[in-house]
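Note sheet for the following structure.
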Amino acid sequence: MTDTLAELIEVGADIVARGLAQASGGNLSIRHGEQFYVTGKGTWLNKLEDDHFALMNMEGKQVSGRTASSEWKLHRDIYAKRPDVNAIIHVHPQFSLLLTALGKKIRFITQDHAFYVGSYGQTKYYTNGSDELAETAAAELAHGRHNVVVLGNHGIAAAGATVEEAYRRVLNFEEAAKLTYHALLLGDETTEFPADELEILNHQ
């Protein structure tokens, strides 16, 4: 199990160090064949060990490990909608949450924001662990429509083919939110990465 989960354990520590989640806020998962590992209930993301994960099947049955995070349905539903996704990172980044709670669009201003994230979905607030939260978030990511979704007044979920790709999207999305915040403070409400340049990037 160590090789499978090592990246998630490393990313969990970095998430807390960067302030993207506090203590046990947020959860991480990785696909494992027809099943997936997800962080256990109440586990601190910066103190993860191999036995802090639950192994779940796609029917929602726990196969082994400790009790799964209450958000396991979020991960299960995204994997079901996105066969190309092998890792999901759910965190609570402050700038992303603040801007969306205030009804402000997060703008992709730099090349990296546009290329690695490109777009995002959004749901209204639903209770954590609820079917509504899992279903609406997964619908926003279905068919590759988006790779990041903001869960209203709660957090974000980023999906990727690898742990590295999912986490890169988290980092770029929160940086985009920070730059948007500072642009708003300067009175700018329109600046974004040029759409025509993004088309060029996407076809390189």
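The figures here come from the full heavy-atom set of this structure, side chains too, leaving out hydrogens, waters and symmetry mates.
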Would a 4.5 Å heavy-atom cut-off, applied to side chains only, mark L133 and E71 as touching? yes

Salt bridge (Lys or Arg N to Asp or Glu O under 4.0 Å) involving K105 - partner list, sequence neighbours excluded: E192

Calculate, to the nearest 0.5 Å, the distance between atoms NZ and NE2 belonging to K81 and H143 respectively. 6.0 Å

Distance-only, no hydrogens or angles: does the T39 side chain make a donor-acceptor pair with backbone N or O of L28 under 3.5 Å? yes

Side chains of R82 and N147: does their closest heavy-atom pair fall under 4.5 Å? yes

Between I156 and V91, is there a side-chain heavy-atom distance shorter than 4.5 Å? yes

L179 side chain reached by H113 side chain, heavy atoms, under 4.5 Å: yes

Side chains of T190 and D188, heavy atoms from C-beta outward: is any pair under 4.5 Å? yes

Mind checking whether I30 and L48 sit in one hydrophobic cluster, side chains of I, L, V, M, F, W, Y counted as touching below 4.5 Å? yes

Please determine whether residues F108 and V150 belong to a single hydrophobic cluster, defined as Ile, Leu, Val, Met, Phe, Trp and Tyr linked transitively by side-chain heavy-atom distances below 4.5 Å. yes

Same cluster or not: I109 versus L99, using hydrophobic residues (I, L, V, M, F, W, Y) connected whenever any side-chain heavy atoms lie under 4.5 Å apart? no

Measure the CZ-CD distance between R66 and E49 for me, rounded to the nearest 0.5 Å. 8.5 Å

Would you say CD of E189 has more than 12 non-hydrogen atoms from neighbouring residues, nucleotides or ligands within 6.0 angstrom? no

Please tell me if the side chains of F53 and L8 come closer than 4.5 Å, counting only heavy atoms from C-beta onward. yes

Looking only at heavy atoms, what is the nearest atom pair of A23 and V16, with distance? O-CG2, 4.3 Å

Does anything in residues 154-195 form a ring-ring contact (aromatic ring centres under 6.0 Å, His included)? List the pairs, not counting sequence neighbours. H90-H154, H92-H154, F95-Y181, Y120-F173

If only atom types and distance count, is the side chain of R169 paired as donor or acceptor with the main-chain N or O of Y116 below 3.5 Å? yes

Calculate, to the nearest 0.5 Å, the distance between atoms CD1 and CG belonging to I88 and L141 respectively. 8.0 Å

State the CE-CH2 distance between M56 and W72, to the nearest 0.5 angstrom. 4.5 Å

Looking only at heavy atoms, which two atoms of A137 and L151 are closest? And how far apart? CB-CD2, 3.7 Å

Applying side-chain hydrogen bond (donor to acceptor under 3.5 Å, both in side chains) as the test, list every pair that has at least one member in residues 93-104; sequence neighbours left out. S96-E174

Less than 4.5 Å apart, side chain to side chain, heavy atoms only: is that true for L171 and R18? yes

Nearest 0.5 Å please: distance from the OG atom of S64 over to the CG atom of D51. 11.0 Å

Can you see whether H52 engages T43 through a side-chain donor-acceptor pair at a distance of less than 3.5 angstrom? no

Where is the tightest heavy-atom contact between S29 and H75, given as atom of each residue plus distance? OG-ND1, 2.7 Å

At their closest point, which heavy atom of N153 faces which heavy atom of A101, and how far apart are they? ND2-CB, 3.8 Å

Any side-chain heavy-atom pair from R107 and L184 closer than 4.5 angstrom? yes

Closest non-hydrogen atom pair between Y79 and V85, with its separation: CD2-O, 3.5 Å

Should we count CD of Q62 as having more than 12 external heavy atoms under 6.0 Å? yes

Nearest 0.5 Å please: distance from the CG atom of D14 over to the CG atom of L45. 11.5 Å

Between G160 and A166, which heavy-atom pair has the shortest distance, and what is it? N-CB, 3.8 Å

Same cluster for I89 and V38 if Ile/Leu/Val/Met/Phe/Trp/Tyr side chains link at under 4.5 Å? no

Following the transitive rule for hydrophobic clusters with a side-chain heavy-atom cut-off under 4.5 Å over Ile, Leu, Val, Met, Phe, Trp and Tyr, establish whether F36 and L5 coincide in one cluster. no

Given side-chain contact (heavy atoms from CB on, under 4.5 Å), test D77 with E135 step by step and report yes or no. CA-CA 7 Å; D77 285 11; E135 290 167 3; 3.8 Å; yes

